[in-house]
Number of protein chains: 2
Amino acid sequence: MSEFMPTMADVAREAGVSKMTVSRVLADRDVSAAMRERVLAVIKQLGYLPDASAGTLSSGRSPFIVALVPSMSSSNFADTVHSLNAAVTAHGLQLLLGDTDYDPKREEQLLRVMLAHRPEGVMLTGSFHTVATQAMLKRSKVPVVETWDVPRTPIQQAVGFSNVDAACEMMRHLHERGYRRIGFIGGATRLDRRGLDRQTGYRQGLKLFGLGEPRVIQHGGSPVTMSHGGEAFSLLLDAWPDTDAVMCVSDMSAFGALMECHRRGISVPNQMAVAGFGDFEVSRYCYPSISTVAVDPHAIGRIAGEMLLAGAAARKSGMQGPSEKRRVEFRVLARQST
Amino acid sequence: MSEFMPTMADVAREAGVSKMTVSRVLADRDVSAAMRERVLAVIKQLGYLPDASAGTLSSGRSPFIVALVPSMSSSNFADTVHSLNAAVTAHGLQLLLGDTDYDPKREEQLLRVMLAHRPEGVMLTGSFHTVATQAMLKRSKVPVVETWDVPRTPIQQAVGFSNVDAACEMMRHLHERGYRRIGFIGGATRLDRRGLDRQTGYRQGLKLFGLGEPRVIQHGGSPVTMSHGGEAFSLLLDAWPDTDAVMCVSDMSAFGALMECHRRGISVPNQMAVAGFGDFEVSRYCYPSISTVAVDPHAIGRIAGEMLLAGAAARKSGMQGPSEKRRVEFRVLARQST
DNA sequence: TTGAAAGCGATACCAC
DNA sequence: GTGGTATCGCTTTCAA
């Protein structure tokens, strides 16, 4: 077994051709069938693997799309990333994935590192970014798409929905069902803007339907967990014992709250309604099943991919990339818990 | 706003120094404080970002660690990746993440693409790989660690546990609790080796405790979902109505089975015991809580990171990397469902 | 269809 | 501490 990594020059020499011919074979450009055979055979025999850095440096074209998500353990973001990955992989690109941990400062650091690879596109989550982040993005002229939210003025492109409106629709649902003393539980962090938007939607709903003062418990970090949900629900009952419905920032906390009801012998939905957000699998299969707001994380990923690909194509031909906003549907799913 | 991306040469010219000095400032090597100030100022002013491809090509040192997992939506693998990421990030490396979708052929393709970036290390999940995969890994001499399993003869290093033994321990628990007609539900795929190992452990348990013939339902793809669990459980009851306990390939299917019990009015654990695997959050917070096998996905990721870092250091100094096997603990958690 | 030469943007190595 | 030069492995460009 040889001690060194063969290069394209080695393949060329062994096959008795020029490097360029090898390069063309790999890129599947015009080469005679016979030549292709010959070169491919040598490549296989030598176990040659191209060096991506050299290719990137030489061509000025990177194989990367950057995707930055707040958390990889949220199945919602995982789904979005999965679909984005499918979309870009089909075009020969690969994901460079980063986990910001819900921290814009961390997002900035990650982005700085990742822009060093001169990606063809960048997917961000949310619309809350540091000024340095925005400046880097502008300078680098890389196609950018913000997801899971639709900012008034996106950096460039965006695909998502209004978390405020979605939460408000859930309030409409609860109001229609006859609930009047509705609480809200969410995380304690200031950094999860989508969570905060949902709380804003809750407050709008209270006003809109004349439901009195907010009953808000902020408890636990991001992402919100089942145990946070149970604890927050207990705090909610401590503060406002006559609460008859709880709207949760996510299905995870809703499930936690629901289990706390079980434990306390509170009947759902008779004595207490529980609403979630996100249509996670658990909310569909638990008992009673949890009413929630369904969005399509896969659609967000797929559309983000299309937008980025379009942006990359535009940039290649020297054009200004499109600056588009797209909305995806959300839907209140009435299930057993309300 | 300038139209081009500034290079190190631009920074050097603007600062009136050589490229090497700029390079040293960025690498934080010996440069006088005054010089550093001056160069840093120019870097900021120009918005200069280094080009990673050029650096990699020139230094022969890549910033990447490759991590290949069967599925990103499984919280177990997500946790492992998270800890691996933390471990390598601390050493200035970044993850190149791939999703094999439980398919060794796909793993091979992904690996081929990723080895083009000349990573400093590769984390694989499981011990089932194509021969081409193994050949590529050998040739490239990159540090490799297989996770979530401990093969008899690892490619190089490994960290995990015996899924067979772990499942068998769960059988011991069920037997001790008095259950005698125990079924097993898992996915229908041949590709999820860890799932198959757990089934093997189940069969071993049957023999060991004299519990008669296997009652196995294989249903649904990978990763197994809650709905698969509910459906598989129904099939199990159809086939063997007198079953008094079900051991599930994962907590996801266990939860699905548990909810199906709710629906059918089957009391858990009185009429039916339900056991899971993996200690997912839902198994801890649902009612009744699900007995499961706990492993520490974070420890696997952390240790894998350490192993890879050690391997990379060894390779740098021309040494043969260690070929170590490490086991992580697993523990049967007896909860309410058994 | 194939080949030769000139870079791409950084770092290693050796002078000073 | 700092600077010059060769070089990493590939693709672009242009010529044959």
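Convention: sequence-line order gives letters A, B, ...; per-chain numbering from 1.
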When you check the phosphate oxygens OP1 and OP2 of [N], does a side-chain N or O of [X] lie under 4.0 Å from one of them?
| X | N | result |
| --- | --- | --- |
| A:S18 | C:dA4 | no |
| B:Y48 | C:dG9 | no |
| B:S53 | C:dG9 | no |
| A:S23 | D:dT11 | yes |
| A:T21 | C:dG3 | yes |
| B:T56 | C:dA10 | no |

Could you state the interatomic distance from CG (A:D79) to CE (B:M72), rounded to the nearest 0.5 Å?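 Between atom CG of A:D79 and atom CE of B:M72 there are 9.5 Å.
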Output the rounded distance in Å from [atom1] ([X]) to [atom2] ([N]).
| X | N | atom1 | atom2 | answer |
| --- | --- | --- | --- | --- |
| B:D28 | D:dG1 | CG | P | 13 Å |
| B:K19 | C:dT11 | NZ | P | 9 Å |
| B:M5 | C:dA10 | CE | C1' | 15 Å |
| B:M8 | D:dT7 | CE | C1' | 15 Å |
| B:R13 | D:dG4 | CZ | P | 14 Å |
| A:D30 | C:dT2 | CG | P | 9 Å |
| B:H117 | D:dC8 | NE2 | C1' | 16 Å |
| B:L49 | C:dA10 | CG | C1' | 14 Å |

Hey, does the side chain of [X] reach the backbone of [Y] with a donor-acceptor pair shorter than 3.5 angstrom?
| X | Y | value |
| --- | --- | --- |
| A:S317 | A:A314 | yes |
| B:Q134 | B:H129 | yes |
| A:S73 | B:S75 | no |

Using only modelled atom types and a 3.5 angstrom limit, is any donor from either the side chain of A:S59 or the base of D:dT11 paired with an acceptor on the other? no
Scan [X] against the nucleic acid and name what it touches under 4.0 Å (heavy atoms): base, sugar-phosphate only, or nothing.
| X | answer |
| --- | --- |
| A:G55 | sugar-phosphate |
| B:R24 | base |
| B:R29 | sugar-phosphate |

On DNA chain D, compare the nucleotides closest to A:L57 and A:R61; which residue's is nearer the 5' end? A:L57
Residue whose closest nucleotide on DNA chain D lies nearer the 5' end, B:M20 versus B:R118: B:M20
More than 12 foreign heavy atoms under 6.0 Å from CZ of B:R36: is that the case here? yes
Compare the minimum distances between each of C:dG9, C:dT2, D:dC10 and the side chain of B:A54, then state the nucleotide with the smallest one.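 So the nucleotide nearest the side chain must be C:dG9.
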Check the angle between the aromatic planes of B:W148 and B:F77 and answer parallel, tilted or perpendicular using the 30° and 60° thresholds. perpendicular
